[in-house]
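Just so we're clear, the structure is a prediction, and the values are computed from it rather than from any experiment. Computed over heavy atoms, backbone and side chain alike; hydrogens, waters and symmetry mates excluded. The sequence lines fix the lettering, A, B, ..., with proteins before strands; numbering per chain opens at 1.
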2 protein chains.
Amino acid sequence: MGQSEDRLRRLLEDELEECCEADVEHRMGELEQVADRADRVVHTDTAVLGVLSNETRLLLVRALDTAGRELCVCELEALADVSESAVSHALSDLANVGLVTREKRGKWRYYNATERATAILSTLDETRPRGENA
Amino acid sequence: MGQSEDRLRRLLEDELEECCEADVEHRMGELEQVADRADRVVHTDTAVLGVLSNETRLLLVRALDTAGRELCVCELEALADVSESAVSHALSDLANVGLVTREKRGKWRYYNATERATAILSTLDETRPRGENA
DNA sequence: CAAACATATGAATAGCTCTTCAACTATCAT
DNA sequence: ATGATAGTTGAAGAGCTATTCATATGTTTG
């Protein structure tokens with residue numbers, strides 16, 4: 001923290017005109033609190049976001065969400081332009097982080113988007129910049 | 001589509017007991033519609049999610065969001081455990097996909113989380129499974 | 001139970017990504 | 001202008017990831 005503390009002190013001198021040691025300490029403390037809170041969830045969140053950040057996987061959740069009903073693996077395979085195996089891997093990954101659920105019925109396996117997945121997709125839709133889709 | 005159409009037909013035979021050619025056609029059409037809608041936004045969305053799915057970058061947006069005010073690069077550097085350069089790259093990536101804004105004042109550069117970023121983080125928080133954080 | 005079918009899993013590799021180092025631009029003070 | 005400071009950028013390599021092929025598992029049908 002030594003070097004970065006120096007720079008932070010100079011920043012505060014610029015921002016606050018006059019600033020004493022207490023100001024620096026206070027600001028450093030504030031930052032540490034911010035860091036602590038942020039750190040706590042970042043690791044698990046990157047796992048979820050990492051799974052969603054792949055075209056094959058995102059397409060599959062989107063399809064489940066758009067369909068609004070459970071879809072069989074063979075239906076999903078018809079949508080994605082990759083191998084059967086890739087779809088299976090993708091669905092496993094999605095299930096592992098809680099973005100889809102699976103249910104087995106006979107020899108068919110059905111998947112559904114979870115509430116979490118639906119919520120994330122909605123947020124993306126609702127906040128999408130103008131002119132970024134159709 | 002040939003092979004996957006066969007399997008889809010067998011699925012429908014299972015699900016609907018009796019099913020005629022029209023049923024298959026209908027279901028295939030439904031799927032194509034689902035695929036079209038899904039496809040449209042998947043590409044741009046993976047870009048955003050890909051940027052968020054890295055610990056360094058997610059930590060930085062989280063910090064900006066938690067702080068609730070603009071932060072200077074030197075403040076952000078104090079939070080992330082990587083090089084100055086890595087932080088700069090991370091912030092650029094975030095800015096490029098519209099998750100943070102930048103403003104230059106004097107020799108300091110200030111970043112802020114966008115509404116979109118804030119919305120996504122909120123959704124993650126609100127839908128986080130029990131016991132996955134503190 | 002043997003064969004066909006639906007899906008999952010493991011290993012392997014090609015391609016992408018993250019971080020770092022080094023060099024660069026821009027701003028301010030002297 | 002010179003030097004110091006704040007931040008950015010490009011290149012490069014180690015490491016991660018996505019897809020595929022081959023194989024395995026579980027399920028229904030003859």
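Atom CG of Leu71(A) and atom CG of Leu60(A) lie 9.5 Å apart (nearest 0.5 Å).
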Restricting to nitrogen or oxygen on both sides, can you table the protein-nucleotides 26-30 of chain C pairs closer than 3.5 Å?
from    : atom 1 : to        : atom 2 : distance (Å)
dA26(C) : O3'    : Lys104(B) : NZ     : 3.4
dT27(C) : OP1    : Lys104(B) : NZ     : 3.4

All N/O pairs under 3.5 Å across the protein-nucleotides 9-11 of chain C interface:
from    : atom 1 : to       : atom 2 : distance (Å)
dT9(C)  : OP2    : Ser92(A) : OG     : 3.3
dT9(C)  : O4     : Ser85(A) : OG     : 2.7
dG10(C) : O6     : His89(A) : NE2    : 2.9

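Taken residue by residue, residues 46-55 of chain A places heavy atoms nearer than 4.0 Å to DNA chain D at Asn54(A).
Partners of Asp93(B) under the salt bridge (charged side-chain N to carboxylate O under 4.0 Å, His left out) rule, at least two apart in sequence or in another chain, are Arg57(B). Here Arg27(A) pairs with Glu15(A), Glu75(B) under the salt bridge (charged side-chain N to carboxylate O under 4.0 Å, His left out) rule; sequence neighbours left out. Listed by chain and number, the residues in a side chain to side chain contact (heavy atoms under 4.5 Å, CB included) with Ala95(A) are Val100(A), Arg102(A) (sequence neighbours excluded). For Val97(B), the side chain to side chain contact (heavy atoms under 4.5 Å, CB included) test picks out Val48(B), Val51(B), Leu99(B), with sequence neighbours left out. Residues satisfying the salt bridge (charged side-chain N to carboxylate O under 4.0 Å, His left out) test with Glu30(A), not counting sequence neighbours, are Arg69(B). In this view, Glu103(A) and Arg105(A) satisfy the salt bridge (charged side-chain N to carboxylate O under 4.0 Å, His left out) rule, not counting sequence neighbours. Partners of Glu55(B) by side chain to side chain contact (heavy atoms under 4.5 Å, CB included), not counting sequence neighbours, listed by chain and number: Val42(A), His43(A), Thr46(A).
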* salt bridge (charged side-chain N to carboxylate O under 4.0 Å, His left out) between Arg9(B) and Glu25(B): does it pass, once the steps are laid out? -> CA-CA 9 Å; Arg9(B) 185 168 284 109; Glu25(B) 304 267 315; 5.7 Å; no

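You can see that DNA chain D meets the heavy atoms of chain A within a 4.0 Å-exclusive cut from dT5(D) to dT28(D), reading 5' to 3'.
Summarising the geometry, the separation between CG on Asp93(B) and P on dT17(C) is reported as 10 Å, rounded to the nearest angstrom. Atom CG of Asp81(B) is separated from atom C1' of dC18(C) by 15 Å (rounded to the nearest Å). Put simply, CG on Asp6(B) is 12 Å from C1' on dC5(C), counting in whole angstrom units. Between Arg109(A) atom CZ and dA8(C) atom C1' the separation is 7 Å, expressed in whole Å. Spacing between atom OH of Tyr110(A) and atom C1' of dA6(C) amounts to 11 Å, rounded to whole angstrom units.
With hydrogens and angles disregarded, a donor-acceptor distance shorter than 3.5 Å links the side chain of Thr118(B) to the backbone of Thr114(B). Checking side-chain atoms of Arg116(B) against main-chain N and O of Leu124(A) turns up a donor-acceptor pair under 3.5 Å.
Residue Leu49(B) comes nearest to Ser53(A) through the heavy atom pair C-CB, 3.6 Å, listed as atom of the first residue, atom of the second, then distance.
Counting only residues at least two apart or in different chains, salt bridge (Lys or Arg N to Asp or Glu O under 4.0 Å) contacts with residues 43-53 of chain B comprise Arg62(A)-Asp45(B), Arg128(A)-Asp45(B).
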